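Below is one structure, written out as structure tokens; the observations come after it.
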Amino acid sequence: MNALGLGGIVGTVLLGAALLGAISGMLGAFAVLRRQSLLGDTLAHAALPGICLGFILAGTRDLASILTGAFATGALAALAMMLIIRRSTLKTDAALGIVLSVFFAVGVVLLTFVQGQGNAASAGLATFLFGQAAAILRADLWVMAGVGLAALGVVLALWKEFKLVSFDPEFARVQGLPVFWLEAALTVLVALAIVVGLQLVGVVLMVALLIAPAAAARQWTHSLGAMVVLSALIGAASGAGGALISAHVRGLATGPVVVLIATGFVLVSLLAAPGRGVIWQAVAARHARARISDRRVLTTLQGLATAHADTRYPAEGGMLKTALGAMPRAAHLAGLEARGLIRPVTHPPETTPHWELTSAGHTEAARLQDKLLPPQADTAPPPLARKPRP
Amino acid sequence: MSRPADAMPESLSDAALHEPDQALHVEDLTVSYGTTTALWDIDLDIPPGVMCAIVGPNGSGKSTLLKTALGLVRPVAGHVRFLGRPVAQMRGQIGYVPQRQSVDWDFPTTARDVVEMGLYRRLGWLRRPGKDARARAMAALAELGMQDYADRQISQLSGGQQQRVFIARALVQDAPILILDEPMAGVDASTEAVIIALLKRLRDSGRTVIVVHHDLTTVQSYFDWLVMLNVRIIAQGPVAKAYTPENLRATYGRQLAMIAAPLDMGRT
């Protein structure tokens, strides 16, 4: 690490934060695609009692025992949720809400109890609520790097199985894949990402570090591989950025800053991403409308020319208005004129403006006509078409 | 969906062939969801090499029958054999096309990638699809006229094109049995024609094609075998014998008025 010029406390914190962000981003991509975002929120909140129990049993703020405790109560919460969904008539969202609040309540009770005991080390426990990157120790880095490498290894080894199970678990089962175990492995990995990320972001906001990088990454790519890599990068940037800012402002919890940075990535991505961004879609829709208006003016002029057997038939403005339902805007006609497709002409003795198609305009009108009659009835909508999500 | 532990006596290692002459053999099958009985005492035989439609009104258990046969739903009682073997021994030899709405088409992947998923089982663990898988996927897409859309993101495909991708994914497995759940639901006429032509080619090459179908007007022209279902089996056999006004009435009951047209066709 010193070789990277990242020695000292700031280097440790930055590296740790980036690592945690990358792990969350990578696994968050799967959680989001499998619609498990809220499961992540429940697991994060349910980690709090485990953190406190780990501390009580170890007697110190030992990361390994705290993380083990967090993982244990997280797993217990997941189990409780599964039982409620299977054995009662409650729906998933209600089950998630109940488990989340009960486990979090137990966690807060334990936290206040531990802090009341007067153990000096217990002061650090409160940082698990909102995260404190400065609390990351050099020794913690090895735990994080180990978890990160293990998660990366499993994701790479089971890549195609994870992809199939995330996209179409039913088909995977018919294929004979062990879907239960693959889904369990993915869920355990997500739980692992949450548990190690708690130090950075805290139990309350952890779910944002899981969802936000994946949601932002999804906007920029149509490939699962690229999405996972991009999500990891955004997570790393958010983590490192948050750690850097909170390290420079005294008493500023890291979690909220990390989450705000990650949310910034989401906002920019939702607005500006090509193809899926709101701005991009608005511009594309505008272009599409302009193309349709062009087509209508040109084909109308061509139709009039054909009807009058005169390729240079001068159409009066009122004719266009009647044919199109409204007079085309002057700027619109000027645009077509600038492209050499139509030209204004006079038609004495009338004094009103007239337009005729140029030869280029005839060619263009014929081309547009052909496009209206696709050779194959079943063509895809243009890429900008927005499909309703199921 | 709970069931007594002794309801399904066969074990996965049970290799004894049971009705090996039938592509699909179902015996005494009963399925329930909670307190609702979805399928009641189903006995069914579909011979190999036919193109079979399963029809019935909504809620008659068509999809449940497929899912139970494929091992996705646990029956209360009864058992299922494909070519004489339990489904666990037939993995990879059954091409399955689920309902199109069963997945999120906004998933970040391409048409060819989805088709390659049909080869994952054959590839085995730790191996990535390579050139061979790519070529097979392209060939399957071409069979459905979709070769030009191979690299298209799946959310940019029309409903009919998505359905063709799903069928290509089952086709790429080169399985002797193909099972499709409402493949013609919500697709355009040209896609329906492409799908039916392909399914008939597969049938003519000796494969068994089993389709949950909802359009009674096309049953006679598309299929040669028919299963009529409404929780129980109403009729099964060659279309010419099974497609009768009496059986339609027994299957659809009060909905009869809505299907008056196909009934008339049935008389001619």
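Below, chain A is the first sequence line, B the second, and so on; all start at residue 1. Keep in mind it's a predicted model, so treat the numbers as computed, not measured.
Considering all non-hydrogen atoms of both residues, B/Pro108 and A/Thr221 come closest at CB-O, 4.5 Å. Between B/Leu72 and A/Arg173, the shortest heavy-atom distance links the atoms O-NH2, 3.3 Å.
Under the 3.5 Å distance criterion, with hydrogens and angles disregarded, a donor-acceptor pair is assigned to the side chains of A/Glu170 and B/Tyr96.
The number of heavy atoms from other shown groups lying within 6.0 Å of CZ (B/Arg122) is above 12. Within 6.0 Å of the CZ atom in B/Arg127, the count of heavy atoms belonging to other residues, nucleotides or ligands does not exceed 12.
Judged by distance alone, the side chain of B/Arg121 and the main-chain N or O of A/Leu177 form no donor-acceptor pair under 3.5 Å.
Contact annotation for B/Ile179: neither backbone nor side-chain heavy atoms come within less than 4.5 Å of a heavy atom of chain A. When heavy atoms are compared at a cutoff of 4.5 Å, B/Val187 does not approach chain A at all. For A/Leu156, the parts lying near chain B are the backbone and the side chain together; criterion is any non-hydrogen pair under 4.5 Å. With a threshold of 4.5 angstrom between heavy atoms, B/Glu116 does not approach chain A through any atom at all.
Taken to the nearest 0.5 Å, the CG atom of A/Leu164 stands 7.0 Å off from the CZ atom of B/Arg169. The CZ atom of A/Phe171 lies 11.0 Å from the CG atom of B/Leu70; values are rounded to the nearest 0.5 Å. Expressed to the nearest 0.5 Å, how far CZ of B/Phe107 lies from CG of A/Asp168 amounts to 10.0 Å. Taking CD from A/Gln175 and CD1 from B/Ile94, the interatomic distance works out to 10.0 Å, rounded to the nearest 0.5 Å. A distance of 11.0 Å separates CG of B/Asp104 from OG of A/Ser166, quoted to the nearest 0.5 Å.
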*Given B/Arg128 and A/Trp159, is the side chain to side chain contact (heavy atoms under 4.5 Å, CB included) satisfied, shown in steps?*
CA-CA 8 Å; B/Arg128 297 280 172 91; A/Trp159 179 259; 3.7 Å; yes
*Does the pair B/Arg152 and A/His222 meet the rule for a side chain to side chain contact (heavy atoms under 4.5 Å, CB included), with working shown?*
CA-CA 9 Å; B/Arg152 196 72 79 88; A/His222 286 322; over 6 Å; no
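Between A/Lys163 and B/Met117, the closest side-chain pair of non-hydrogen atoms falls below 4.5 Å.
Ring orientation note: the planes of B/Phe166 and A/Phe167 are nearly perpendicular, at an angle over 60° on the 30°/60° scale.
With respect to B/Asp113 and A/Lys160, no salt bridge is recorded, no charged nitrogen being found less than 4.0 Å from a carboxylate O.
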